[in-house]
Amino acid sequence: MEQNKPRFRFAPSPTGGLHIGTARTALFNWLSARSMGGDLILRIEDTDLKRSTKEYEESIINDLKWLGLNWDEFYRQSERLNLYKSEAERLLKEGKAYMCFCSSERLEALKDKLISEGKPLGYDNKCRNLSEDEINDNLGKGIEYTIRFKVNPKEIKFNDLIRGEIKFSSEVISDFVLIKSDGTPSYNFAVVVDDNDMRITHVLRGEDHITNTARQIMLFESLGYKIPYFAHLSMILGKDGAKLSKRHGSTTITQFKEEGYLNEAIANYLSLLSWAPRDGEEIFYLNDILNKFKISDISKNPAIFDVDKLNWLNGNYIRKKANEELVELVLPFLIKENIIKSIDINEQASRNKIIKCVDAFKDKIKTLAEFPVYAKDFFSDKISYYDEDAINILKSDTSIKVINMFANKLTQISDSIKTIKDNTDNSNILTEDLAKEIINEVGSSLQAENIKGKLLYMPIRASLTGKVHGPDLPKVISILGKEECLKRINQTISFLNNNKI
RNA sequence: GGCGCAUUCGUCUAGUGGUCAGGACGUAGCCCUCUCAAGGCUAAAACAGGGGUUCAAAUCCCCUAUGUGCUACCA
């Protein structure tokens, strides 16, 4: 039953990057097509020659792939202009369309007049019934013309797969342009011709196209085409309920990528905007919901974009990643912040250190971009500054005893325990377990003074990092290694002396 | 202005005539814990308003309000 195979299309316009709302439309088309065993067609709607660019087209395609979407066929409207023209001429011949010689100045003036009179906007059909002579006369003078569709009054109905029955009266629709004076088709015309030619069975698009559907159905009928199913997705709004725009923050997939969001998280979040699995599961990969996805389950309410929930999801996916994979993802961000140089990334030693850092911070960060902020301190060879809280801890009498004892025990450990830097195969390093042992030894050595818990850990932490917060202390020690720890303790001790603390 | 679409906790949503209106994010508290996170537990938090229909309405109908979209030789 090949001819019954559902065919979906996704039709972005390359006049900007892939917007988050457009990405969601693409995603739902992909989900629909793939869950129904259908085809997905990517169609670039670049009939606006002035605003469309090749760069945006590439960026959109890259971002779609990055999200994990794929498609079966690819078209560009700018390469199909002849088809639109011949179909328009057919309508012209059949008397269903006509040439309009009105100048844009006249149309502008007409619009202003209608607004000032408070009347419904629209074309006044001036050229609808021009005589043969008038037409030839205009053509002879070389006046530019558009081709307009003759709208006949009738009721238009369609059954939206998401919203149910939607009705319009065509009386509110005036004769609209099919072919612009530069020969390119208008949006509504190109869409209809293409959807028919590409044998599209399901048109799933944004809610902003609901009223266009009325025009398009008239065209489908006039051209003798089969009318596809329609489904309209709600809009994505900003936190204040207004349509999502730049002033709400990032709006394109490229921007989210640069901010350190994972493709899995974005795809997951976007699919949760207007849809929810019956079982209530909220964290999933796209492929895992294909058997649960149904167009009729899509919600019709507008959805407000909630960065907090995206962050939560992103954090979840970061935590799920294997350390090695996370290192690769985090590398560009480290390089961008000048924390490591791109030449270092092939060195096993610095890789090992990044792995340890990634392991230490992966359950702390919500985006990849946050990683350098935390990791920074561990890649500089000294403590950059001391927090007030840290200084307060270092002040206490027992602290200096703990620090000295810790330095003592650390010095005693075997020289075969190397720092990460001198080590290429990641063996013989100061492990977390060993670090933990050393801390415990410090504790038992100072048992008489009853130093344990906070009194034991905090001085060491403060002397090593200048802060009271951070990853588990054994992790901190392991990342820094023996020599770096001793170096930092020395720095702390001279800091205390110099400031007479 | 005309027409269309929408309206359940702050946010995403479940719910399709009878539910203590459920879950998730966020928020608060508690537990875990050297700290920060993560994790676990608990709590506060919603049917836009008004009319109908019905024994019974978040659910069906009407009106109002609010939001949003279209009304282009943009898509």
Side-chain angles (χ1 to χ4, degrees), chain A residues 11-15 22 45-48 50-52 77 100 102-104 107-108 111 114-115 117-123 144-148 160 163 166-169 171-174 176-188 190-191 206-215 232 234-235 237 239 241-243 269 272-283 299-313 315-316 319 360-366 374 389 393 439 452-462 465 467-474:
Chain A
S13 173
T15 54
T22 325
E45 307 219 325
D46 53 355
T47 53
D48 184 343
K50 280 167 241 122
R51 295 197 303 143
S52 302
Q77 287 190 325
C100 170
C102 293
S103 66
S104 38
L107 262 16
E108 199 68 34
K111 187 176 166 189
L114 291 172
I115 288 173
E117 288 171 2
K119 289 192 180 148
L121 304 178
Y123 182 59
E144 286 196 331
Y145 65 92
T146 61
I147 298 178
R148 273 184 198 273
D160 191 291
R163 289 153 207 274
I166 297 177
K167 284 190 278 203
F168 300 93
S169 162
E171 315 220 341
V172 300
I173 299 171
S174 73
F176 54 94
V177 170
L178 302 179
I179 300 287
K180 301 179 247 174
S181 55
D182 66 359
T184 59
S186 69
Y187 163 74
N188 281 303
V191 161
E207 182 189 310
D208 43 341
H209 291 297
I210 289 183
T211 42
N212 283 328
T213 307
R215 288 179 187 74
H232 290 93
S234 60
M235 305 263 92
L237 310 175
K239 238 185 159 68
K243 194 176 172 178
Y269 179 68
L272 243 23
L273 241 37
S274 298
W275 182 80
R278 293 271 164 183
D279 55 20
E281 195 58 55
E282 297 215 81
I283 302 181
S299 139
K300 46 193 174 191
N301 304 347
I304 290 175
F305 191 87
D306 182 11
V307 187
D308 284 333
K309 189 146 184 175
L310 208 212
N311 285 340
W312 171 74
L313 270 173
N316 269 282
R319 266 169 262 137
F361 292 116
K362 71 196 286 190
D363 55 8
K364 217 172 162 61
I365 56 173
K366 298 252 188 281
Y374 289 105
D389 290 340
I393 283 165
I439 298 169
K452 57 184 180 188
K454 210 175 271 210
L455 287 178
L456 172 62
Y457 278 75
M458 273 304 170
I460 301 177
R461 177 183 290 285
T465 66
K467 296 186 174 52
V468 293
H469 301 313
D472 292 346
L473 190 53

N/O contacts under 3.5 Å, protein versus nucleotides 21-28 of chain B?
from, atom 1, to, atom 2, distance (Å)
A24(B), O4', E282(A), OE2, 2.7
A24(B), O2', E282(A), OE2, 2.5
A24(B), O2', K309(A), NZ, 3.4
A24(B), N3, K309(A), NZ, 3.3
C25(B), O2', K309(A), N, 3.3

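Comparing the P positions of A45(B) and C5(B) gives an interatomic distance of 36 Å, to the nearest angstrom. Between U27(B) and A37(B), the distance separating the two P atoms is 10 Å to the nearest Å. Going from the C1' atom of A65(B) to that of G26(B) covers 29 Å, rounded to whole Å. On the C1' atoms, C70(B) is 23 Å away from U64(B), given to the nearest whole Å. U7(B) and C41(B) have their P atoms separated by 33 Å, given to the nearest Å. Taking atom P on both nucleotides, C63(B) is separated from C3(B) by 12 Å, rounded to a whole Å. Using atom P as the reference point in both G67(B) and U42(B), the two lie 40 Å apart (nearest Å).
In this structure, of C70(B), U11(B), C73(B), it is C70(B) that holds the atom nearest to the side chain of T211(A). Taking only side-chain atoms of K454(A), from C-beta outward, the nucleotide of U13(B), U35(B), A75(B) with the closest atom is U35(B). In the set G69(B), C12(B), A6(B), C12(B) carries the atom at the smallest distance from any side-chain atom of A303(A). Ranking A75(B), G39(B), U13(B) by closeness to the T47(A) side chain, first place goes to A75(B). Proximity note for L121(A) (side chain, C-beta onward) versus C36(B), U13(B), U71(B): the nearest is U71(B). Taking every side-chain heavy atom of L473(A) into account, C34(B) is the closest of A75(B), C12(B), C34(B). When distances run from any side-chain atom of F168(A) to the nucleotides A75(B), A6(B), C3(B), the shortest one goes to C3(B). Comparing A75(B), A38(B), A6(B) against the side chain of R319(A) picks out A38(B) as the nearest. Listed candidates were A38(B), G1(B), A75(B). Nearest to the side chain of P120(A) is G1(B).
Across all strands, S274(A) comes closer than 4.0 Å only to sugar-phosphate atoms, never to a base (heavy-atom distances). Here S13(A) lies in heavy-atom contact (under 4.0 Å) with sugar-phosphate atoms only. Residue V177(A) is classed as a sugar-phosphate contact, given heavy-atom separations below 4.0 Å to backbone atoms only. If you check every strand for non-hydrogen atoms under 4.0 Å, D160(A) touches nothing. Among the protein residues, H232(A) comes within range of no part of the nucleic acid, since none of its heavy atoms lies under 4.0 Å from any strand. In this structure, K243(A) reaches the sugar-phosphate backbone alone: every heavy-atom distance under 4.0 Å involves primed, P, OP1 or OP2 atoms, never a base. Using a 4.0 Å heavy-atom distance criterion, P474(A) is classed as a base contact. Note on K467(A): nothing from the nucleic acid sits closer than 4.0 angstrom, heavy atoms only. Within the 4.0 angstrom heavy-atom criterion, only backbone atoms of the sugar-phosphate kind lie near I166(A); the bases stay farther away.
Side-chain contact, D182(A) with T184(A): a donor N or O sits under 3.5 Å from an acceptor N or O.
Atom CG of L237(A) is separated from atom P of C5(B) by 18 Å (rounded to the nearest Å). The CZ atom of R215(A) sits 13 Å away from the P atom of A75(B) (whole-angstrom rounding). With rounding to whole Å, N316(A) atom CG is found 10 Å from A38(B) atom C1'. Atom CG in L273(A) sits about 6 Å away from atom P in U13(B), given to the nearest Å. Atom CD of E45(A) is separated from atom P of A72(B) by 19 Å (rounded to the nearest Å). Residue D472(A) contributes atom CG, which lies 13 Å from atom C1' of G39(B) at whole-angstrom precision.
Listed pair N301(A) / U8(B) meets the phosphate criterion, a side-chain N or O lying under 4.0 Å from OP1 or OP2. In this model, the phosphate group of C73(B) is approached by a side-chain N or O of R148(A) to a distance below 4.0 Å at OP1 or OP2. Distances shorter than 4.0 Å separate some side-chain N or O of R278(A) from OP1 or OP2 on G15(B).
Side-chain contact between H232(A) and T213(A) is present, with heavy atoms from C-beta onward closer than 4.5 Å.
Here the CD-CG distance, from E207(A) to D160(A), works out to 9.5 Å after rounding to the nearest 0.5 Å.
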